[in-house]
Amino acid sequence: MIIKKRGYSEKLAQLEAMERRLPHSHTLKQRVLTDYKSELRGIKGEREVDFPLEFLDPDKFLILHNVRLPDYQGYFQMDTLILSREFILILEVKNWYGTIIFGENGQVTRIGDNGREEGFKNPIPQTLLQQRRLQNWLRTRNVTSIPVTYLVVISHPSTIIKSSSSINQIPLEVIHNSDLTIKIDELDNLYSSPQLTKQQLHHLSRQIVENHQSNKQNLLDYYYIKKSDLVTGVFCPSCHTAPMVRSRQKWGCRQCGHYSDKAHLPAFKDYLLLIGNEISNKDARHLLQITSPHVAKRLLQNAKLPAKGKTSARVYDLSPAIKWNELQLRTSCPIR
């Protein structure tokens with residue numbers, strides 16, 4: 001049973017908004033685009049494990065995706081958690097392609113299709129740390145008897161995994177996505193003694209969901225980008241150019257001639273992702289490239305955004321009306 005869905009990626013949405021709002025001449029444009037593509041590949045890799053997990057008994061296994069929990073050292077994040085009465089399994093998903101070679105001293109090398117070698121961090125120490133932190137997190141909630149184990153899942157089906165020599169073995173915890181259900185069956189046979197009641201298991205899953213914290217970064221600070229560097233204006237939903245022009249209660253595109261009465265809503269979402277939850281009438285006018293305070297007020301009110309404050313000090317809260325799970329990412333459209 002899926003308790004926590006994989007859902008959207010807040011970081012991907014932020015990177016997409018950043019890439020869209022940076023001018024072509026900006027020195028960090030390419031870096032943001034590269035990070036965006038990397039994040040997108042990672043998400044696609046994580047979703048590859050969804051298919052084999054569909055074959056698990058929903059009455060026996062509880063599945064939680066993208067879990068980020070607080071502890072005394074900050075936060076730790078796990079791609080997927082699988083809970084049962086007998087054991088807990090952490091899945092660390094790697095969307096590695098090409099040939100992955102495990103060498104001496106835990107060294108991991110990837111050889112791509114072009115023959116280029118690239119060094120990767122060994123995923124075993126990372127996942128071991130996740131295991132330890134989860135065990136400590138469970139201990140603070142008096143859950144101490146249940147075993148916690150882990151697997152590193154290579155999601156790309158054609159990836160070759162091998163060792164550099166007969167001396168350096170591939171870690172047993174590193175598996176292909178296609179072997180996931182078989183490995184879970186093996187663990188189920190290994191850990192055959194229930195450590196939790198069914199009620200305790202569901203209570204634990206609720207605790208994990210309630211303690212999960214999303215990881216929204218301030219990308220402007222992360223990339224050292226100024227707010228003034230961002231492109232303002234309403235982007236055309238048809239050809240993705242900006243700015244559209246406001247006329248007769250509609251937005252018109254000078255590039256392709258497309259008209260829309262709701263084209264400003266994605267601009268509000270970009271502001272929410274990159275700047276903050278609250279926006280003033282003045283900020284809205286700057287963002288949308290309009291001059292009329294009355295038009296800006298009408299657009300903000302029609303979006304059903306809660307307001308606080310009076311007259312010039314009034315601000316509108318973007319977060320309640322623009323739901324995170326309603327963000328439509330542009331992953332199917334070509335990146336400029």
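Quick note: residue numbers are just sequence positions, from 1.
Considering Asp188, Val148, Ile82 as possible partners of Leu89, the one that fulfils the side chain to side chain contact (heavy atoms under 4.5 Å, CB included) test is Ile82. In summary, of the residues considered (Thr27, Leu28, Leu33), a side chain to side chain contact (heavy atoms under 4.5 Å, CB included) with Arg31 occurs for Leu28 alone.
In this view, Asp261 and Lys250 satisfy the side chain to side chain contact (heavy atoms under 4.5 Å, CB included) rule, not counting sequence neighbours. With sequence neighbours excluded, the residues forming a ring pair (Phe, Tyr, Trp, His ring centres under 6.0 Å) with Phe120 are Trp96, listed by chain and number. Scored by the salt bridge (charged side-chain N to carboxylate O under 4.0 Å, His left out) test, Glu117 finds no partners at all (sequence neighbours excluded). Under the rule for a side-chain hydrogen bond (donor to acceptor under 3.5 Å, both in side chains), Asp179 has no partner lying at least two apart in sequence or in another chain. By the salt bridge (charged side-chain N to carboxylate O under 4.0 Å, His left out) test, Glu186 is found to be paired with Lys183, residues two or more places apart in sequence or in another chain being considered. The salt bridge (charged side-chain N to carboxylate O under 4.0 Å, His left out) test applied to Asp229 returns no partner, not counting sequence neighbours. Qualifying ring pair (Phe, Tyr, Trp, His ring centres under 6.0 Å) partners for Tyr72, counting only residues two or more places apart in sequence or in other chains: none. Remark: Thr34 pairs with Gln30 by the side chain to side chain contact (heavy atoms under 4.5 Å, CB included) rule, at least two apart or across chains. Under the rule for a ring pair (Phe, Tyr, Trp, His ring centres under 6.0 Å), Trp137 has no partner lying at least two apart in sequence or in another chain.
Between the Gln200 side chain and the Thr197 main chain, a donor and an acceptor come within less than 3.5 Å of each other. Here the side chain of Gln301 pairs no donor or acceptor atom with the backbone of Leu299 at under 3.5 angstrom. Remark: the backbone N or O of Asn66 is paired with a side-chain donor or acceptor of Lys4 at under 3.5 angstrom. A donor-acceptor pair under 3.5 Å is formed between the side chain of Arg21 and the backbone N or O of Val231. At distances below 3.5 Å, not a single donor-acceptor pair connects side-chain atoms of Gln169 with backbone N or O atoms of Ser163. The backbone N or O of Tyr150 sits nowhere less than 3.5 Å from a side-chain atom of Glu173 that would complete a donor-acceptor pair. When atom types are taken as modelled, the side chain of Gln195 and the backbone of Arg85 share no donor-acceptor pair closer than 3.5 angstrom.
Listed here is the closest heavy atom pair of Glu86 and Pro194: OE2-CG, 3.7 Å. Nearest heavy atoms, Leu230 versus Met18: CD2-SD, 3.9 Å. Smallest separation of non-hydrogen atoms from Cys253 and Cys256: SG-N, 3.4 Å. Closest heavy-atom contact between Arg254 and Pro243: NH2-CG, 3.6 Å. The two residues Ser84 and Leu196 come nearest to each other via the heavy atoms O-CD1, 4.4 Å. The minimum heavy-atom distance between Leu15 and Val32, with the atom names listed, is O-CG1, 3.9 Å.
Ile170 contributes atom CD1, which lies 12.5 Å from atom CD1 of Ile175 (distance to the nearest 0.5 angstrom). Within the model, atoms CD1 of Ile154 and CD1 of Ile160 stand 12.5 Å from one another, a figure rounded to the nearest 0.5 Å. One finds the CG atom of Leu138 at 6.0 Å from the CG atom of Leu204 (value rounded to the nearest 0.5 Å). Between atom OG1 of residue Thr291 and atom NE2 of residue His294 there is a gap of 10.5 Å, rounded to the nearest 0.5 Å. For the atom pair CG (Leu134) and CD1 (Ile208), the distance works out to 6.5 Å, reported to the nearest 0.5 Å. To the nearest 0.5 angstrom, Leu12 atom CG is 11.0 Å from Glu10 atom CD.
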Go through the steps to decide whether Leu81 and Ile63 satisfy the test side-chain contact (heavy atoms from CB on, under 4.5 Å), and finish with yes or no.
-> CA-CA 6 Å; Leu81 264 183; Ile63 302 171; over 6 Å; no
Ile275 vs Leu220, side-chain contact (heavy atoms from CB on, under 4.5 Å): CA-CA, chis, key distance, verdict = CA-CA 8 Å; Ile275 308 300; Leu220 294 180; 3.8 Å; yes
Test side-chain contact (heavy atoms from CB on, under 4.5 Å) applied to Tyr97 and Arg110, step by step | CA-CA 8 Å; Tyr97 61 93; Arg110 183 182 74 86; 3.2 Å; yes
Any chance you could lay out the side-chain contact (heavy atoms from CB on, under 4.5 Å) test for Phe235 and Met244, step after step, and finish with the verdict?
-> CA-CA 6 Å; Phe235 281 83; Met244 298 184 81; over 6 Å; no
Under the salt bridge (Lys or Arg N to Asp or Glu O under 4.0 Å) rule, what do Lys44 and Glu48 come out as? Steps first, then yes or no, please.
-> CA-CA 7 Å; Lys44 288 180 177 179; Glu48 288 293 326; over 6 Å; no
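When only modelled atom types and interatomic distance are considered, Asn136 and Arg133 share no side-chain donor-acceptor pair under 3.5 Å. A donor-acceptor contact under 3.5 angstrom links the side chains of Gln126 and Glu92, judged on distance only. In this structure, a donor-acceptor pair under 3.5 Å is absent between the side chains of Ser155 and Asn177.
Applying the side-chain hydrogen bond (donor to acceptor under 3.5 Å, both in side chains) test to pairs two or more places apart or on separate chains, those with a residue in residues 278-288 are Tyr271-Asp283, Glu278-Lys308, Ser280-Asp283, Asn281-Arg285. Listed by first and then second residue, the ring pair (Phe, Tyr, Trp, His ring centres under 6.0 Å) pairs involving residues 176-223 are Phe87-Tyr191 (not counting sequence neighbours).
Crowding of Arg141 atom CZ: a count of heavy atoms from other residues, nucleotides or ligands under 6.0 Å exceeding 12.
Phe61 and Leu83 are assigned to two separate hydrophobic clusters, defined by single-linkage of ILVMFWY side chains at heavy-atom distances under 4.5 Å. Hydrophobic cluster membership is shared by Leu272 and Leu300, with clusters built from Ile, Leu, Val, Met, Phe, Trp and Tyr side chains linked at under 4.5 angstrom. In the hydrophobic clustering of this structure, Val315 does not group with Leu274; members are Ile, Leu, Val, Met, Phe, Trp, Tyr whose side-chain heavy atoms approach within less than 4.5 Å, directly or through other members. In the hydrophobic clustering of this structure, Ile101 does not group with Val152; members are Ile, Leu, Val, Met, Phe, Trp, Tyr whose side-chain heavy atoms approach within less than 4.5 Å, directly or through other members. No single ILVMFWY cluster, assembled from side-chain heavy atoms under 4.5 Å apart, contains both Val49 and Ile90.
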Show me the donor-acceptor pairs, under 3.5 Å and distance only, between side chains in residues 73-80 and residues at least two apart or in other chains.
residue, atom, partner, partner atom, Å
Asp79, OD2, Val93, N, 2.8
Thr80, OG1, His65, ND1, 2.9

